[in-house]
Amino acid sequence: MNVLHIDASVLGANSVSRQVSAAVVARLRATDPALTVTYRDLAAKPLGHLTTAHLGAGAADDPDVAEGQAALAEFLAADTVVIGAPMYNFTLPSQLKAWIDRVLVAGKTFRYSAEGVPQGLAGGKRVIVAISRGGFYGADTPNAPAEHAESYLRTVFGFIGVTDVQFVAIDGVMAGPEHRERAVKGALEAAEALAA
């Protein structure tokens with residue numbers, strides 16, 4: 001099995017999304033020691049934002065275009081994608097959005113029918129997202145309408161045909177040290193309980 005592990009937090013060793021995404025990969029590795037893991041740290045080595053070169057008008061030897069093509073190839077080769085996704089200012093870090101812009105490629109991961117209906121081409125993958133949020137944004141909270149990270153990722157992966165999307169949420173990490181500790185502990189337990 002091929003696993004693509006993506007981290008996007010800018011907090012390095014202080015990141016809870018990184019801690020939990022690593023635990024998810026460790027869980028997968030424990031059930032299949034032969035799995036292959038490709039790791040991409042979008043904070044340490046961010047992809048550039050979209051330009052006309054990325055949309056087909058650029059030269060293939062442009063280093064940024066080539067890096068985007070490599071990111072797409074990694075995604076297409078993966079059976080499982082594990083993403084450490086913090087929520088910043090109600091949505092994803094721009095580094096993760098830039099990666100998504102390299103993965104949502106017409107003719108590669110989606111297409112439109114003659115009637116203009118989108119069709120996903122990347123089905124058959126599993127996506128596991130370790131999502132961290134400073135506050136509480138669950139469906140049953142007053143802040144639910146302001147949550148644009150998990151909802152966006154569900155839309156993105158659904159659009160390209162991925163139906164097996166799971167979230168391990170670490171909520172309220174800025175609500176105080178005790179709550180942060182409980183939230184991380186619960187998320188690590190959830191990661192350990194994931195099906196192989």
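Here the CD1-CD distance, from Ile100 to Gln95, works out to 11.5 Å after rounding to the nearest 0.5 Å. Atoms CG and CE, from Leu28 and Met1 in turn, are 5.0 Å apart once rounded to the nearest 0.5 Å. Separation of atoms CG (Leu153) and OG1 (Thr91) is listed at 8.0 Å; rounding is to 0.5 Å. Rounding to the nearest 0.5 Å places CZ of Arg29 at 10.5 Å from NE2 of His5. Distance check: Arg133 CZ to Glu147 CD gives 5.0 Å after rounding to the nearest 0.5 Å. Rounding to the nearest 0.5 angstrom, the gap separating the CD1 atom in Ile131 from the CE atom in Met87 is 7.0 Å.
When the options Leu92, Leu104, Leu42 are evaluated for a side chain to side chain contact (heavy atoms under 4.5 Å, CB included) with Trp99, the one that passes is Leu42. Each of Ser132, Ser9, Pro86 was scored for a side chain to side chain contact (heavy atoms under 4.5 Å, CB included) with Arg18, with one residue passing: Ser9.
Closest heavy-atom contact between Ala190 and Val168: CB-CG1, 4.0 Å. Closest approach of Ala8 and Leu96 over heavy atoms only: CB-CB, 3.9 Å. Between Ala98 and Gly48, the shortest heavy-atom contact is CB-O, 3.9 Å. Listed here is the closest heavy atom pair of Thr109 and Leu76: CG2-CD2, 3.9 Å. Heavy-atom minimum distance, Ala130 versus Ser21: CB-N, 3.7 Å. The two atoms that bring Leu47 and Ala71 nearest to each other are CD1-CB, 4.1 Å, heavy atoms only.
Linking Ile, Leu, Val, Met, Phe, Trp and Tyr whenever their side-chain heavy atoms come within less than 4.5 Å leaves Val25 and Val165 in two separate clusters. Both Met174 and Val16 are members of a single hydrophobic cluster when ILVMFWY side chains are connected at heavy-atom separations under 4.5 Å. Linking ILVMFWY side-chain heavy atoms closer than 4.5 Å, directly or via other members, places Ile6 and Phe167 in a single hydrophobic cluster. Placement of Phe136 and Val173 in two distinct hydrophobic clusters is found when ILVMFWY residues are connected by side-chain heavy-atom separations under 4.5 Å, directly or transitively. Each of Leu4 and Val37 belongs to its own hydrophobic cluster when Ile, Leu, Val, Met, Phe, Trp and Tyr are linked at side-chain heavy-atom distances under 4.5 angstrom.
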- Check step by step if side chain to side chain contact (heavy atoms under 4.5 Å, CB included) holds for Ile83 and Val127. CA-CA 8 Å; Ile83 302 173; Val127 174; 4.2 Å; yes
- After noting the C-alpha distance and the side-chain angles of Glu74 and Arg102, does the key distance pass the salt bridge (Lys or Arg N to Asp or Glu O under 4.0 Å) rule? CA-CA 11 Å; Glu74 290 168 356; Arg102 298 313 188 286; over 6 Å; no
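By the 4.5 Å heavy-atom criterion applied to side chains, Ile128 and Thr80 are counted as neighbours. Taking 4.5 Å as the limit, some side-chain heavy atom of Leu194 sits within range of a side-chain heavy atom of Arg126. In this structure, Val20 and Leu188 have side chains that are in contact, with non-hydrogen atoms separated by less than 4.5 Å.
Cation-pi contact between Lys125 and Phe75: present, with separation from the ring centre below 6.0 Å and deviation from the ring axis of at most 45°.
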May I have the list of side-chain donor-acceptor pairs in residues 177-184 shorter than 3.5 Å, sequence neighbours left out?
{"from": "His179", "atom 1": "ND1", "to": "Arg182", "atom 2": "NH2", "distance (Å)": "3.4"}
{"from": "His179", "atom 1": "NE2", "to": "Asp171", "atom 2": "O", "distance (Å)": "3.1"}
{"from": "Arg180", "atom 1": "NH2", "to": "Asn14", "atom 2": "O", "distance (Å)": "3.0"}

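For the pair Gln119 (side chain) and Leu121 (backbone), a donor-acceptor distance under 3.5 Å is absent. Not a single donor-acceptor pair under 3.5 Å links the side chain of Glu189 to the backbone N or O of Ala193. In this structure, Asn2 contributes its side chain and Ala77 its backbone to a donor-acceptor pair below 3.5 Å.
Between Lys45 and Asp41, none of the side-chain N atoms (NZ, or NE/NH1/NH2) sits under 4.0 Å from a carboxylate O, so this pair counts as no salt bridge.
In this structure, His148 has its ring center at least 6.0 angstrom away from the ring center of Phe90.
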